[in-house]
> 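Here it is, the structure in full.
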Amino acid sequence: TPKNKDIINSYVIFTTMECNANCPYCYEKNAKKTIMTKTIADDAVKFIINHCGSSTVNLHWFGGEPLVNSSIIDYICQRLEEKLIPYRSNMISNGYLFNNIDMNKVQDLWKLKNIQITLDGTEDEYNKIKAFNNHVNDGFKTVISNMHSLLTADVKIVVRMNQSYSNYENLIELAKYLYE
């Protein structure tokens, strides 16, 4: 059991530096595209177990796009469940890949409570800025649909809007759209 000064109950976990979008403002664009392996995940789980005390652990999934390596999120959560470690999680994501994720898993295994999703404008502006891999033209519609699914699964969403000279007026339209 760790001493009080050794208790850590909040962890930022980089599942990958890879991303499915090509945002022009990305500060990680030239970062080495690494993916967390099960070996590294095992080390992270051991560290959490050895330092969490009896408090609920807060996991913050981050990346690149953490959902590019969603299997490692499953793996870490399963290992914590096996060890009876109480946890909950948050995420920063572009939200696109949630259409491939079971919302029951999001609630029951990941215990996802909050997510920050970036929207850079209404549909045409957003699709141009995100430029998802494989030339996805339905990115905005997919993310909005995924946001509805997340809200239905009781996940709170914070929308981040990145402003530039080319999209600042469009963000007002986006805010109206989201309000409606």
Side-chain angles (χ1 to χ4, degrees), residues 1-23 26-119 130 132-134 139 142-143 145-160:
T1 306
K3 297 176 184 167
N4 282 344
K5 67 178 179 83
D6 295 327
I7 292 176
I8 304 169
N9 62 10
S10 186
Y11 301 87
V12 177
I13 302 176
F14 286 80
T15 64
T16 183
M17 293 303 289
E18 290 188 11
C19 188
N20 59 321
N22 296 292
C23 308
C26 183
Y27 60 90
E28 295 175 357
K29 190 176 288 186
N30 296 318
K32 185 178 176 189
K33 304 300 184 215
T34 57
I35 281 191
M36 180 182 275
T37 63
K38 282 187 177 180
T39 302
I40 294 170
D42 283 332
D43 290 343
V45 169
K46 286 177 196 169
F47 187 86
I48 291 169
I49 290 168
N50 291 331
H51 292 87
C52 69
S54 59
S55 301
T56 298
V57 172
N58 296 297
L59 305 172
H60 305 278
W61 307 111
F62 193 70
E65 169 52 50
L67 295 178
V68 168
N69 194 15
S70 65
S71 63
I72 212 72
I73 297 172
D74 295 345
Y75 183 76
I76 290 171
C77 291
Q78 288 164 348
R79 294 286 316 281
L80 293 174
E81 289 268 318
E82 290 166 8
K83 298 297 183 180
L84 305 176
I85 303 297
Y87 65 92
R88 63 178 165 243
S89 69
N90 304 299
M91 183 181 291
I92 296 176
S93 171
N94 60 42
Y96 184 82
L97 295 173
F98 272 103
N99 58 333
N100 297 321
I101 306 289
D102 178 5
M103 285 298 141
N104 290 320
K105 178 170 66 173
V106 167
Q107 287 178 302
D108 301 334
L109 179 61
W110 295 1
K111 300 179 188 344
L112 188 65
K113 303 298 181 195
N114 301 290
I115 186 166
Q116 176 184 293
I117 295 177
T118 302
L119 295 175
K130 282 295 184 218
F132 282 103
N133 296 346
N134 302 320
T142 299
V143 171
S145 175
N146 290 342
M147 289 171 69
H148 283 286
S149 297
L150 287 162
L151 290 169
T152 301
D154 291 326
V155 177
K156 291 179 177 64
I157 299 173
V158 172
V159 175
R160 175 181 171 171

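Since the model is a prediction, treat every value here as computed from it, not as a measurement.
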> Once rounded to the nearest 0.5 Å, what's the spacing between atom SG of Cys77 and atom CG of Leu59?
6.0 Å

> Start with the C-alpha distance between Ile117 and Val159, add both sets of side-chain angles, then the distance that settles side chain to side chain contact (heavy atoms under 4.5 Å, CB included), and finish with yes or no.
CA-CA 5 Å; Ile117 295 177; Val159 175; 5.6 Å; no

> Can you tell me how far apart CG (Asp108) and CE (Met103) are? Round to the nearest 0.5 Å.
12.0 Å

> Do you know which two heavy atoms are closest between Ser93 and Gly95, and how far apart they sit?
OG-N, 2.8 Å

> Stepwise, does the side chain to side chain contact (heavy atoms under 4.5 Å, CB included) test hold for Ile48 with Tyr11?
CA-CA 8 Å; Ile48 291 169; Tyr11 301 87; 3.8 Å; yes

> Between the side chain of Asn69 and the main-chain N/O of Met36, is any donor-acceptor distance below 3.5 Å?
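Such a contact is found between Asn69 side chain and Met36 backbone.
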
> Using distance alone, with no hydrogens and no angle criterion, decide if Ser10 and His60 have a side-chain donor and acceptor under 3.5 Å apart.
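His60 and Ser10 do have a side-chain donor-acceptor pair below 3.5 Å.
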
> Side chains of residues 13-21: which donor-acceptor pairs under 3.5 Å do they make with residues two or more places apart or in other chains?
{"from": "Thr15", "atom 1": "OG1", "to": "Pro66", "atom 2": "O", "distance (Å)": "3.0"}
{"from": "Thr16", "atom 1": "OG1", "to": "Glu18", "atom 2": "N", "distance (Å)": "2.9"}
{"from": "Thr16", "atom 1": "OG1", "to": "Thr34", "atom 2": "O", "distance (Å)": "2.8"}
{"from": "Asn20", "atom 1": "OD1", "to": "Asn94", "atom 2": "ND2", "distance (Å)": "2.8"}

> What do the steps show when you test Ile115 against Ile92 for side chain to side chain contact (heavy atoms under 4.5 Å, CB included), and what is the final call?
CA-CA 6 Å; Ile115 186 166; Ile92 296 176; over 6 Å; no

> Minimum heavy-atom separation for Pro86 to Ser54, with atom names?
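Residues Pro86 and Ser54, closest heavy atoms: CG-O, 4.5 Å.
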
> Suppose we screen for side-chain contact (heavy atoms from CB on, under 4.5 Å). Which residues come up paired with Lys113, at least two apart in sequence or across chains?
Arg88, Asn90

> Determine whether Tyr75 and Ile73 make a side-chain contact, defined as any pair of heavy atoms from C-beta on separated by less than 4.5 Å.
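When only atoms from C-beta onward are counted, Ile73 and Tyr75 do not touch, as no gap falls below 4.5 Å.
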
> To the nearest 0.5 angstrom, please state how far the CG atom of Leu150 sits from the OG1 atom of Thr152.
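Those atoms lie 8.5 Å apart.
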
> Between SG of Cys52 and NZ of Lys83, what distance do you get to the nearest 0.5 Å?
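The distance works out to 12.0 Å.
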
> Given the rule in the side chain to side chain contact (heavy atoms under 4.5 Å, CB included) test, do His51 and Asn9 qualify, once you have shown the distances and angles that lead to the verdict?
CA-CA 7 Å; His51 292 87; Asn9 62 10; over 6 Å; no

> Might you point out which heavy atoms bring Trp110 and Phe98 nearest each other, and give the distance in Å?
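That would be CZ3-CE2, 4.1 Å.
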
> List the residues meeting side-chain contact (heavy atoms from CB on, under 4.5 Å) with Thr37, not counting sequence neighbours, and say none if there are none.
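Thr37 satisfies side-chain contact (heavy atoms from CB on, under 4.5 Å) with Thr39, Ile40 once adjacent residues are dropped.
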
> Quick one, Leu151 and Ile157 - any side-chain contact, counting heavy atoms below 4.5 Å?
yes

> Roughly how far, to the nearest 0.5 Å, is the CD1 atom of Ile76 from the NZ atom of Lys38?
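So the NZ of Lys38 and the CD1 of Ile76 are separated by 11.0 Å.
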
> Please report the closest heavy-atom contact between Glu81 and Tyr87, naming both atoms and the distance.
OE2-OH, 3.1 Å

> Which atom pair, heavy atoms only, marks the closest approach of Gln107 to Ala153?
NE2-O, 3.0 Å

> Without hydrogens or angle criteria, can the side chains of Tyr96 and Glu65 be said to hold a donor-acceptor pair below 3.5 Å?
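Side-chain D/A pair, Tyr96 to Glu65: absent.
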
> To the nearest 0.5 Å, what is the distance between CG (Leu109) and CD1 (Ile101)?
11.0 Å

> Do Ile8 and Phe47 have side-chain heavy atoms sitting under 4.5 Å apart?
yes

> Would you indicate whether the side-chain heavy atoms of Arg160 and Leu119 approach each other to under 4.5 Å?
no

